[in-house]
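Computed from a prediction, not measured in an experiment: that's the story for all the values here. Protein chains get the first letters and strands the later ones, always in sequence-line order, with residue 1 at the start of each.
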2 protein chains.
Amino acid sequence: MPRQVDHDSRRRTIAEAVCALADRDGLEGVTLRDVAEEAGVSMGAVQRCFRTKDEMLVFALTHVSEQVAARIRRAHGLGRVAAEIALLTEGHRAQARVWLAFAARAAVSPPLAAVLRAHYAEAHALLTRLIQATGDDGPDAAGDAAERARTLLALADGLTAHVLIGHLTPHAAQAVLDHHLATAPAR
Amino acid sequence: MPRQVDHDSRRRTIAEAVCALADRDGLEGVTLRDVAEEAGVSMGAVQRCFRTKDEMLVFALTHVSEQVAARIRRAHGLGRVAAEIALLTEGHRAQARVWLAFAARAAVSPPLAAVLRAHYAEAHALLTRLIQATGDDGPDAAGDAAERARTLLALADGLTAHVLIGHLTPHAAQAVLDHHLATAPAR
DNA sequence: TGGGTTGCGATGCGCATGCATCGGAATAAT
DNA sequence: ATTATTCCGATGCATGCGCATCGCAACCCA
């Protein structure tokens, strides 16, 4: 075995193993042993990369947040961006489940909440920019755009949850999102 | 000890202990021992009331769902109902955390998902009725009302999550909700 | 009043968990 | 080539878990 190992790439590998397990069984099904097996490394390696389990979870959440953020930045147009945030397509279902699992734990875990807040702050900023660019000017264009961004962000997350729970089909959720975007006024 | 015990009331007591713990430490902090202690009964009593832990969790979720549903039915006006669903006030924070915890687990637990779906179906029906009553008639008034209800429900849940995570203050979330209700068109 | 029955509280069991430890293998330096 | 250093895989440990078991206490009924 090499004396020098690329720790960063290994951390990413482990983070994706965490996500795979969280997708399958929820965050409570994530154990160090299972993570190690899923990642194809030994438990010792996992422990070397992360001092504690919480540290591993925080890294994993940061990792998936960055993945989502990257996709969001790559998307063009308010509608596309909103759809990416809502994680409605089948291919993003896993990330959606991971997001929901982490969101629930964040409600009782300040470190995880901090990561999510940063993620939301960035998403909100991007949405605000896009909404302002659509040019619905008013007496308080900036404030209105920020408000509309908050609405859109919350709507997208709510739709994600409703799809995961099975209350809405992905198609119905997409329709709600489209309809909202088509009709939401600036004020 | 009495040979006959009111099992239903004891089940409710236990369900509220589950909620208290889930509020404090999340659903993963809910153990049979802690639930028994919180409820002021012995572990054996908990096991007598519920054959298994999952059965207890399903009952607890049903219990809190009914509490929320009762408050929703008691509220008057679309705005009040939506606010109740969003669980934004400080007094309902505990129920909000419990809801988020259960929602996350429901994504990987069909029995819990079934309970939540029933809850959402009822809430959606109520919101649809209220929206239709506001009298925004159109070419497809019924369909529009249902669509608007889906939007409002998802928005309310998203706002709940964002408050719990700390991305929004309860006040800001309420403002988003009010603004949405004040400006959302029928089509 | 005394069984019979029912409910329950305490205890035990097997197992899984997170974390700590340690011996050895694989390189880099000399 | 040898040594020294770095890394890691396996194992051990204490704890906490859900669930099963069992003996005792309390009530209904005769």
Original post:
Would you find more than 12 non-hydrogen atoms of other residues, nucleotides or ligands less than 6.0 Å from E28(A) atom CD?
Top reply: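 Yes, because the 6.0 Å sphere around CD of E28(A) holds more than 12 heavy atoms from other groups.
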Subject >> Neighbour count >12 (heavy atoms, 6.0 Å) for atom CD, E37(B) >> reply: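 Not more than 12 within 6.0 Å, no.
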**OP:** List the steps, then state whether side-chain contact (heavy atoms from CB on, under 4.5 Å) holds for L153(A) with H167(B).
**Re:** CA-CA 11 Å; L153(A) 201 51; H167(B) 173 239; 3.7 Å; yes
How many Å lie between [atom1] on [X] and [atom2] on [N], as a whole number?
X: I14(A); N: dG9(D); atom1: CD1; atom2: C1'; result: 14 Å
X: D25(B); N: dG16(D); atom1: CG; atom2: P; result: 14 Å
X: L57(B); N: dC17(D); atom1: CG; atom2: C1'; result: 14 Å
X: F50(A); N: dC19(C); atom1: CZ; atom2: P; result: 13 Å
X: K53(A); N: dG18(C); atom1: NZ; atom2: P; result: 4 Å
X: E37(A); N: dT17(C); atom1: CD; atom2: C1'; result: 15 Å
X: D54(B); N: dC19(D); atom1: CG; atom2: P; result: 7 Å
X: L32(A); N: dC19(C); atom1: CG; atom2: C1'; result: 8 Å

To the side chain of [X], which of [options] is closest?
X: A45(A); options: dC19(D), dG9(D), dC17(D); value: dG9(D)
X: R10(B); options: dC17(D), dC8(C), dT17(C); value: dC8(C)
X: R48(A); options: dC19(C), dC8(D), dC19(D); value: dC8(D)
X: S42(B); options: dA10(C), dC8(D), dC19(D); value: dA10(C)

Original post:
Base, sugar-phosphate, or nothing for V35(B), non-hydrogen atoms under 4.0 angstrom?
Top reply: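 No contact.
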Original post:
Which part of the nucleic acid, if any, lies within reach of R51(A) when heavy atoms closer than 4.0 Å are counted: base, sugar-phosphate only, or nothing?
Top reply: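 R51(A): no heavy atom of the nucleic acid under 4.0 Å.
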**OP:** Starting from the 5' end of DNA chain D, give me the residue, G44(A) or R33(A), whose nearest nucleotide shows up first.
**Re:**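 Its nearest nucleotide being more 5', the pick is G44(A).
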**OP:** Select from T52(B) and M43(A) the residue whose nearest nucleotide in DNA chain D is closer to the 5' end of that strand.
**Re:**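 In this pair, the answer is M43(A).
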Original post:
S65(A) and V115(A): which non-hydrogen atoms are nearest, and at how many Å?
Top reply: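 Looks like OG-CG1, 4.3 Å.
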Original post:
Nearest nucleotide by nearest heavy atom, which residue falls closer to the 5' end of DNA chain C, Q47(A) or D34(A)?
Top reply: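 In this pair, the answer is D34(A).
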**OP:** For the residue pair W99(B) and Y120(B), categorise the inter-ring angle as parallel (less than 30°), tilted (30 to 60°) or perpendicular (more than 60°).
**Re:**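 Plane angle over 60°, so perpendicular.
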